[in-house]
There are 2 protein chains.
Amino acid sequence: MEALIHHIRKFVDLSDQDIPLIESHFQRMEVTKKQTLVQEGQVCRHHYFVTRGCIRLFFMNEKGVEQTTQFALEHWWLSDYMSFFTQTASSFSIQAVEKSVLLVIDFHSQEKLVASLPKMEKYFRMIYQKANAASQLRVKYLFGFSREELYHNFITNYPGFVQRIPQYLLASFLGFTPEYLSELRKKKRS
Amino acid sequence: MEALIHHIRKFVDLSDQDIPLIESHFQRMEVTKKQTLVQEGQVCRHHYFVTRGCIRLFFMNEKGVEQTTQFALEHWWLSDYMSFFTQTASSFSIQAVEKSVLLVIDFHSQEKLVASLPKMEKYFRMIYQKANAASQLRVKYLFGFSREELYHNFITNYPGFVQRIPQYLLASFLGFTPEYLSELRKKKRS
DNA sequence: CGGTCTCTTGACGGAGTTCAAAGCTAGTGG
DNA sequence: CCACTAGCTTTGAACTCCGTCAAGAGACCG
């Protein structure tokens with residue numbers, strides 16, 4: 001839980017008595033590699049905070065291939081926000097990429113928490129604002145760069161992360177096939 | 001201003017004395033077609049609420065072609081959130097697509113407003129949450145559909161909007177060339 | 001060590017781009 | 001209110017990036 005409290009304190013001031021109140025709304029959860037947290041079509045009931053490990057958001061495209069759209073590493077939040085917010089069927093699945101430790105909060109607990117503690121309302125407002133900013137830039141990269149450039153950007157910006165995940169997930173995240181990724185790697189070497 | 005108040009009331013309850021306080025933080029602004037509100041490289045100082053008309057977010061790609069990433073119609077919010085939130089150089093431009101009426105609020109006014117009126121903290125939290133949900137779905141569509149499918153989805157989901165904007169903006173938004181859009185339209189007719 | 005999952009290689013094809021040129025439309029000023 | 005022009009849209013040909021398919025080589029796990 002300390003990781004979460006520390007993260008919240010980057011955005012708002014918490015008094016010591018706020019902490020148990022916040023913690024009481026979350027549950028700690030350990031998941032194994034490839035464990036599914038949410039299945040496309042079900043309601044995404046939780047908002048996930050990654051304490052350790054890595055999870056991903058993905059969907060199945062028309063050809064039956066998994067398309068990853070987001071990763072969440074340590075100290076990132078993730079959910080299918082449409083499903084979470086409206087409590088309707090999810091259009092994504094969520095799965096652990098590695099053995100991970102998560103803190104989870106369900107929709108009603110989150111609403112109760114922000115209602116009872118305005119600091120948390122502010123915290124989530126800021127988290128969402130940041131996520132929004134990141135999405136806008138993501139879309140800019142997707143439109144502004146060729147797949148080859150996306151690959152080069154990614155490996156230079158997140159060299160450590162590239163080590164952690166299999167190639168096929170990276171290809172899926174960048175929006176191309178493992179075969180083409182392999183070709184790019186070869187090109188780079190020579 | 002009524003449009004904004006009405007919009008806020010869809011998310012939170014406002015008392016009558018809240019209204020002048022809220023209104024005092026905004027400025028009304030009329031812009032002509034193609035008027036630039038923010039130039040890529042400058043700080044995006046405002047958050048824009050569209051009362052009437054349409055504005056867009058775009059950037060210049062390496063080939064010198066404008067790439068539109070978002071439109072905002074009546075009752076939508078728009079900004080370069082990274083620039084707005086951190087008050088650093090923007091990586092997008094914002095321009096009016098048509099003659100429009102906007103309500104604008106600068107970063108410090110918005111922070112003051114949400115600090116003085118917790119309802120507005122909640123309102124913006126919800127606005128950002130919705131925007132987030134929309135972004136996730138947007139990325140899903142971008143990855144999951146071919147450009148031709150994106151085009152068909154768009155014209156069936158937003159038939160009225162297609163009438164309002166020039167073809168080349170639609171092409172830019174969907175991520176392909178006006179030439180290819182022209183080809184798709186021809187294909188559709190026959 | 002055997003089997004399954006992951007990564008690599010290469011040939012081929014097709015969706016979408018680029019370039020250039022001509023036709024069309026709409027806004028502007030006279 | 002018309003005429004002119006700049007900007008938008010259409011066409012078509014050549015080209016390119018990247019997907020598909022199929023087959024082989026590693027790598028990892030029981």
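In what follows, every heavy atom counts, from backbone to side chain, and hydrogens, waters and symmetry copies are set aside. Letters A, B, ... are given to chains in the order of the sequence lines, protein chains preceding strands, and every chain is numbered from 1. Computed from a predicted structure; not experimentally measured.
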To the nearest angstrom, the CZ-P distance between B:Phe176 and C:dG14 comes to 21 Å
How bent is the helix from C:dC1-D:dG30 to C:dG30-D:dC1, comparing axes over its five end pairs at each side, to the nearest 10°? 60°
Figure out the NZ/C1' separation between B:Lys99 and C:dG27, and round it to whole Å. 16 Å
Nucleotide of D:dG19, C:dT18, C:dG16 approaching A:Thr177 most closely (side-chain heavy atoms): D:dG19
Taking only residues two or more places apart in sequence, or in another chain, which ones meet A:Phe11 in a ring pair (Phe, Tyr, Trp, His ring centres under 6.0 Å)? A:His7, A:Tyr123
Would you mind reading off the distance between A:Phe145 atom CZ and D:dC18 atom C1', rounded to a whole angstrom? 19 Å
Ring centroids only, cut at 6.0 angstrom: are A:Phe161 and A:Phe71 within range, meaning strictly under it? yes
Rounded to whole Å, how long is the line connecting atom CG of B:Leu142 with atom C1' of C:dG16? 16 Å
What is the distance from CG of A:Leu184 to P of D:dC17, rounded to the nearest Å? 11 Å
Heavy-atom protein contacts under 4.0 Å, nucleotides 7-12 of chain D, coded B base, S sugar-phosphate only, - none: -SSBBS
Would A:Lys34 and A:Glu66 count as a salt bridge (Lys or Arg N to Asp or Glu O under 4.0 Å) if you check the C-alpha gap in whole Å, the side-chain angles of each, and the deciding distance to 0.1 Å? CA-CA 13 Å; A:Lys34 299 214 176 178; A:Glu66 289 179 3; over 6 Å; no
Given atom CD of B:Gln67 and atom C1' of C:dT17, what is their separation to the nearest angstrom? 14 Å
Below 4.0 Å: OP1/OP2 of C:dT18 and any side-chain N or O of B:Lys63: yes
Partners meeting side chain to side chain donor-acceptor pair (under 3.5 Å) with B:Ser146 (sequence neighbours left out): B:Glu149
Listed by chain and number, what are the salt bridge (Lys or Arg N to Asp or Glu O under 4.0 Å) partners of A:Asp13, not counting sequence neighbours? none
Spacing of B:Phe143 atom CZ relative to D:dC18 atom P, expressed in whole Å: 13 Å
Please report whether the ring centroid of A:Phe85 lies less than 6.0 Å from that of A:Tyr81. no
A:Phe173 and its ring pair (Phe, Tyr, Trp, His ring centres under 6.0 Å) partner, picked from A:Tyr151, A:Tyr141, A:Phe154, A:Tyr158: A:Phe154
Whole Å only: how far is the CG atom of A:Asn61 from the C1' atom of D:dG19? 12 Å
Show the nearest heavy-atom pair for residues A:Arg28 and A:Val101, with the distance to one decimal. NH1-CG1, 3.5 Å
Partner set under ring pair (Phe, Tyr, Trp, His ring centres under 6.0 Å) for B:Phe107, not counting sequence neighbours: B:Phe84
